[in-house]
Amino acid sequence: MTKKLLGILFTFLIASCGAGRDIAGDRATRLETSSGDIHIGVAGPFTGDLAQFGQSMLYGIELAVDEINSAGGVLGGRKIKIERGDDQAKVNEGTLVAQRFAGDPDIAVVIGHFNSGVSIPASAIYEKSGIIQLTPASTNPKLTQQGYKLIFRNLPNDDENGRQLADFAGRQGYKRIAIYFANNAYGKGLADVFEKRAKELGITVVDRQAYDTERDEDFRPVLTKWKGNSLDAICIAGENPKGAIIISQAREIGLKIPFMGGDGIASSELWEIGGAASEGVFVTSYFHPGDKRPEVVKFSQTYRLRFGRLPDVWAAQAYDAMKVAATAFEKAGTISPPKVASALRALSDWQGVTGLHNFDANGDVVGKKVIVTVVKNGAFKLYEE
Amino acid sequence: MLEQIAGGLALGGVYALIALGYTMVYGIIELINFAHGEIMMLGAFYVLAFSVSMSPDISNAFAIYTSIAFYFAVDSHLNKRFGLYGIAFAVILAFFFWFSSRKLFIAEITPLIAIPLAVIATAISGMALERIAYKPLRNSPRLAPLISAIGASLFYQNLAQIIFGTHRYSLPMAVKISNAKILGSNFALAPVLIILSAVVIMIALHLFIAKTRIGTAMRATAQDKYAASLMGINVNAVIAMTFAIGSALAAVGGLLFTIHQKTLWPYMGFMAGIKAFTAAVLGGIGSIPGAMLGGFILGIVESLGAGLFGEAGYKDAIAFVILIGVLLFKPTGILGKRSVIKV
Amino acid sequence: MIKYLKKIREKKGKRWFALALIFALLPLLHLYYPHISFRLFDDRIDFHLGVYSLALLYVALAMGLNLSIGFIGMLDLGFAAFVGIGAYTLAILTNHSTLPFWIFIPVAALTAGFVRMVLGATCLHLRGDYLAIVTLGFGEIFVTLLKNNPGGLTGGPDGIPLSLLRLSLSDLTRFWLAYFFAMLAVWTVYRIKFSRIGRALESIREDEIAAEAMGIPVYRLKLLAYSLGGVIAGGIGALLAVEVGSAHPSNYDFFESARIVAMVVVGGTGSIFGSALGAIGFVFLLEIFRPLAEYRMLIFGAVMVLLMIYRPKGLLETERKRSKKKLSKLDCQK
């Protein structure tokens, strides 16, 4: 009896090992001829310590979807429907979310994930199952350098951001700078590039320190140490709210030098947490809600009406990601991922609330302007373009 | 250097206040209350909700939670179920509480009233937690309440996220205090305030446990529950009381933590809780002066570790390395008593 | 439900065979229904080979942890660190050599086992909760080290992506790997439990001093069981990293340790089959709860509390513990 069963099992084993299909191809042909609602996956940290970023992304996407659907949908009246996948900023959850999306034959595009560390393993699953991944937030350069065809991001990567930030420091005439970076993929990447570029420009990086995004709450020890270093500025390579807390704690202990930071600290939490401490902080970004362009004014207003606060850069990024995907659907005339991908690459100077979008062969956005804003009276003001 | 030590002492005071809750609960029922950090978080949110007017959705949800917790807290103080009438009475009380707390959550109250209110509300939460998650498990294998504590911790984190949303709040009162200076303009008020209030509270607690009747009942229960009940001590009430006091201290700890960090958010309890727990163990779990000592040591080590060792990233590791080192040479913590194993 | 549980509690060997058979048949199911999905609250629940492999791997991890919690009664709150050691050993070795990855699975297992042996040798004399706290501290130190990228080995906060390795193996290969190693872990633990060593370990759990008096080498046996748990954690951790596609610090934090402890306790401390059921239940339940979005972990936490209240000894309590019930009644009367 047992032997027989084992034999049957073994046969199954052999039989099932032989099955291999072209999942990506299947999806492309299925979606080519599909009709009805278009399913879009949205993946990010909707719970957990980074939930506020996921929430902003979700708000931006909801706004974009509502606008698209109330304007009659895309491709002749097809409505967009979003499916959420909460990755909790963890890799194991992120992989499960990616597999779940991969198992849904209707999904053509996934917008997400937020963290680079989660995006990179997930991108392999999306590529294999023929889904376009368009991340509005993961800036690690490695993500688009894996030779994949369907992976896109609509923001400059850390290399570009760090270089721009260092160039700005050079233009401001800073000579001695310390870097305080978040001990995650984003913070470390940005800090490395910033330091490299700063050295080329002849700026001395006096010290660099890491902080843990989950655990550290008290930054005074490091800041107190830097108080005696006669620095010209401190560069924060990390995200809010920790960035805002660092700045407010620095002002509390009487450290008066300027702060500058990347897109990670470009959110209203700077003054919500820091209050007056955040005045005069320089932030590079792709978006500021006070922009005078008509689409930005409209976006900021509707966002504020609906969610009760001004959009931050991640909401804007996600909003643009959704809009650019919809545009690519229209251009391609279908939602078959390979065709949408080539439509995305063929876009020229598509204008969103965060600037111009052109995608290169890797899937990186090119020519998106990095702007420098400064905090003034509890709002971002354009400092220089 | 002096500033770093002051900062470390302030952080240590916060840890010590939270650690007291761990150590009291452990002393009395030998349970690592993993949800204690979340109780601290609730305490901070109570202060916020009482002192800043919230949107109707938030205040409604929080009021409903509070009244449910209140019902269970009433229940936890009674040794016997008091039948249908009792339940009806408790429901009416809870409804009354919902009505009044809903009012309280919309009104802006001065800190002098808001803080005691928050402390009472958090104590109620702690009692409800004990009633729901630990009381049914009092005679179960030791791991069961631990798992239930981890479950409760997950529950509270996510409950707070659902009620209050994902972004961080700042407490106006805390911002005002943390920006204030004393002695001219060089020395910040916050560390002094935190250390002072922590020390005062801990001395008061020590006197309470050493001198009062309830304190004596607590010590008796901690030594031998069975014998204590024979002496006419209501063990259930004493345990509920322990949770109430521990949670009240956690509420103050939460407020001080908010003053120290300037923000509060649903996940603030987890790491602070683990650190405070480490402090409790470092000082010798079950011992109240031990919790104080452990908290202050941990705070100073973290503060100096970041400043002196160059690499700030390793500072969490330093705290735990010291913990392991101490436990290896003094297996019951610095001030812990060596328990005699009966054969 | 409980009646059914009682029934399977009585038939010992057969229930394992049934479980193994069910999991062996899953690939066949996969052949026809690669994704078993249904909708709840307008959201999609999906069961696929990835979830099944994950369940199997967690079964094996629960076995490893059961060796210390169930067999010698030592609570371990840093078990995920050893899973992480296995994962990072595999990730670092595959990145620095061209040898096929499966050679490194035993290496990963032995490394984790060795580290756990060293930790056990220094800490096993601590009693009860103090050991739990040392392991918790060890777990935290490990994660801090990973994030700080010592010597450029661990890739810091990015972790080490293994997505290429993951892609090179089909879903089915990964499933069968998980199946094989899970069964190996179950078999090992089972053999230990019903051997002389197993009985000795049980006597240690029940009364250490009495065991010592009977001439049982308490310390050595405890260390053996403890380090064997590390071997299992390391080997399975390596596979888990391949399954997830990355060795990443966020996978080995306190919550992961707590989750594995919960699996063991919910299933029934000391009961091997119980902890297997606990592991499968946890993985499946978390998938089923996925559409609940932000309510997911809230409800999951509530379920954990309720499970403990209604089944404080776990879904399947161990037989010998049950016989103690009578004793404890006597205890009250004394």
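Numbered from 1 within each chain, the chains take letters A, B, ... in sequence-line order.
- Contact record, C/P312 with B/A144: O-CB, 3.4 Å, taken as the closest heavy-atom pair.
- Of the atoms belonging to C/L126, it is side-chain heavy atoms, and not backbone ones, that fall under 4.5 Å from chain B.
- In plain terms, the two heavy atoms of C/F138 and B/I324 that are nearest each other are N-CD1, 4.0 Å.
- Neither the backbone nor the side chain of B/Y156 comes within contact range of chain C; no heavy atom of the residue lies under 4.5 Å from a heavy atom of that chain.
- When all heavy atoms of C/V305 and B/G151 are compared, the closest pair comes out as CG2-C, 3.9 Å.
- Smallest separation of non-hydrogen atoms from C/Y130 and B/T332: OH-O, 3.4 Å.
- Neither the backbone nor the side chain of C/F142 comes within contact range of chain B, judged by heavy atoms closer than 4.5 Å.
- Taking CD1 of C/I133 as the reference point, atom CZ of B/F320 lies at 11.0 Å (rounded to 0.5 Å).
- Heavy-atom distances place both the backbone and the side chain of B/L143 under 4.5 Å from chain C.
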Practice task
Determine, step by step, whether B/F270 and C/F255 satisfy the ring pair (Phe, Tyr, Trp, His ring centres under 6.0 Å) criterion, reporting the C-alpha distance in whole Å, the side-chain angles of both residues, the deciding distance to 0.1 Å, and the verdict.
Solution key: CA-CA 10 Å; B/F270 175 66; C/F255 266 120; 5.0 Å; yes
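- When all heavy atoms are compared, the tightest approach of B/L328 to C/C123 is CD2-SG, 3.9 Å.
- There is no contact between C/L119 and chain B, counting heavy-atom distances below 4.5 Å.
- Residue contact with chain C, scored on non-hydrogen atoms closer than 4.5 Å, is absent for B/Y134.
- What you find for B/N158 and C/E294 is that their closest heavy atoms are OD1-O, 4.1 Å.
- Classification of the C/F254-B/F34 ring pair by plane angle, with boundaries at 30° and 60°, yields tilted.
- In this structure, the portion of B/L323 lying under 4.5 Å from any heavy atom of chain C is its side chain and not its backbone.
- For B/L327, the parts sitting under 4.5 Å from any heavy atom of chain C are the backbone and the side chain alike.
- Within the 4.5 angstrom heavy-atom criterion, only side-chain atoms of B/I274, from C-beta onward, approach chain C.
- Within the 4.5 angstrom heavy-atom criterion, only side-chain atoms of C/I69, from C-beta onward, approach chain B.
- Both the backbone and the side chain of C/I309 have a heavy atom closer than 4.5 Å to some heavy atom of chain B.
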Practice task
Start with the C-alpha gap between B/L154 and C/L298, add the side-chain angles, then the distance that decides, and say whether side chain to side chain contact (heavy atoms under 4.5 Å, CB included) holds.
Solution key: CA-CA 6 Å; B/L154 273 179; C/L298 176 96; over 6 Å; no
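- Residue C/I299 does not touch chain B at all, counting heavy-atom pairs closer than 4.5 Å.
- Counting only heavy atoms from C-beta outward, the side chains of B/M271 and C/E140 approach each other to under 4.5 Å.
- Proximity to chain C (any heavy atom under 4.5 Å) is shown, for B/I147, by both the backbone and the side chain.
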